[in-house]
Amino acid sequence: LEESINAHMKTADDEIEEIVCRSENVIDTMMRIYAKHLNDVHNVNKSVIHDLKKYHPRLYQKIENKQGDGISILFPLFQRGVEQGLIRENINFEICTWLIKSQFKTLMEGDYILTNKFSINQFVREIIIKFTRGIATT
């Protein structure tokens, strides 16, 4: 199980690195990363997350730590976006990264989202668009 998780993390790291290298600008990079995370949300069954938490807490913590490390890629992206004139300067990027991580974690693990009324895609689309519009310059 741990080897499988490690392989998945390595693949995810490689995909993120490729996204960063191939994107036109920071906004494009962020949108592509969000799309990747949306795909990940769809491909992971919530019961797997639940079972990892319950039966393999060390491995679950490893995933949590990796997600924390992964979200840190946004700090240099935000800074580059400010330099490119695409992201506002007066943004608290630490709070922004915390909000993004919390929203995606809620989508991955939360049982209280009204998924019978709205799809996960609709939630993620709204999160991404509202967040990006909020930090972007005109």
Exercise for review: Decide yes or no on side-chain contact (heavy atoms from CB on, under 4.5 Å) for L1 and Y55, but give the supporting numbers first.
Suggested key: CA-CA 12 Å; L1 181 60; Y55 301 112; over 6 Å; no
Exercise for review: Answer whether the closest heavy-atom distance between the side chains of H56 and I5 falls below 4.5 Å.
Suggested key: no
Practice item. Side-chain contact test, heavy atoms from C-beta onward, threshold under 4.5 Å: evaluate it for D13 versus K66 and give yes or no. Key: yes
Review point. For the atom pair CE (M31) and CD1 (I19), what is the distance rounded to the nearest 0.5 Å?
Key: 13.0 Å
Check your understanding: Counting only N and O atoms by type, is there a donor-acceptor contact under 3.5 Å from the side chain of T132 to the main-chain atoms of I129?
Key -> no
Exercise for review: Please round to the nearest 0.5 Å and tell me the distance separating atom CD1 of I128 and atom CZ of R125.
Suggested key: 9.5 Å
Review point. So does E17 have more than 12 non-hydrogen atoms from other groups sitting under 6.0 Å from CD?
Key: no
Review point. Do any N or O atoms from the side chain of Q84 and from the backbone of N25 form a donor-acceptor pair under 3.5 angstrom?
Key: no
Practice item. Following the transitive rule for hydrophobic clusters with a side-chain heavy-atom cut-off under 4.5 Å over Ile, Leu, Val, Met, Phe, Trp and Tyr, establish whether F75 and I95 coincide in one cluster. Key: no
Practice item. State, without any angle test, whether N65 and Q61 hold a side-chain donor-acceptor pair at a distance under 3.5 Å. Key: yes
Check your understanding: Atom CD of E18 and atom NZ of K36: how far apart are they, to the nearest 0.5 Å?
Key -> 11.5 Å
Check your understanding: Taking side chain as C-beta onward, heavy atoms only, is I91 less than 4.5 Å from F78?
Key -> no
Check your understanding: Considering all heavy atoms of both residues, which atom of L77 and which atom of I87 are nearest to each other, and what is their separation?
Key -> O-CD1, 4.3 Å
Check your understanding: Hey, is the main chain of G85 close enough, under 3.5 Å, to the side chain of T137 for a donor-acceptor pair?
Key -> yes
Review point. For V26 and G81, which heavy atoms make the closest approach, and how far apart are they?
Key: CG2-N, 3.4 Å
**Study point:** ILVMFWY cluster, I27 and L99 together (side-chain gap under 4.5 Å)
**Key:** no
Point to revise | Gap between atom CE of M30 and atom CD1 of I100 - 0.5 Å precision | key: 6.0 Å
Exercise for review: Kindly give the heavy-atom pair with the smallest separation between Q122 and K117, and that separation in Å.
Suggested key: OE1-O, 4.3 Å
Review point. About how many Å separate CG of N90 and CD1 of I135, when rounded to the nearest 0.5 Å?
Key: 11.0 Å
Point to revise | For M9 against K62, the heavy-atom pair lying closest together | key: CE-O, 3.7 Å
Check your understanding: Under 4.5 Å between any side-chain heavy atoms of T29 and I33, yes or no?
Key -> yes
Check your understanding: With under 30° as parallel and over 60° as perpendicular, where do the rings of Y34 and F131 fit, or are they tilted in between?
Key -> perpendicular
Check your understanding: How long is the span from the NZ atom in K53 to the NE2 atom in H50, to the nearest 0.5 Å?
Key -> 8.0 Å
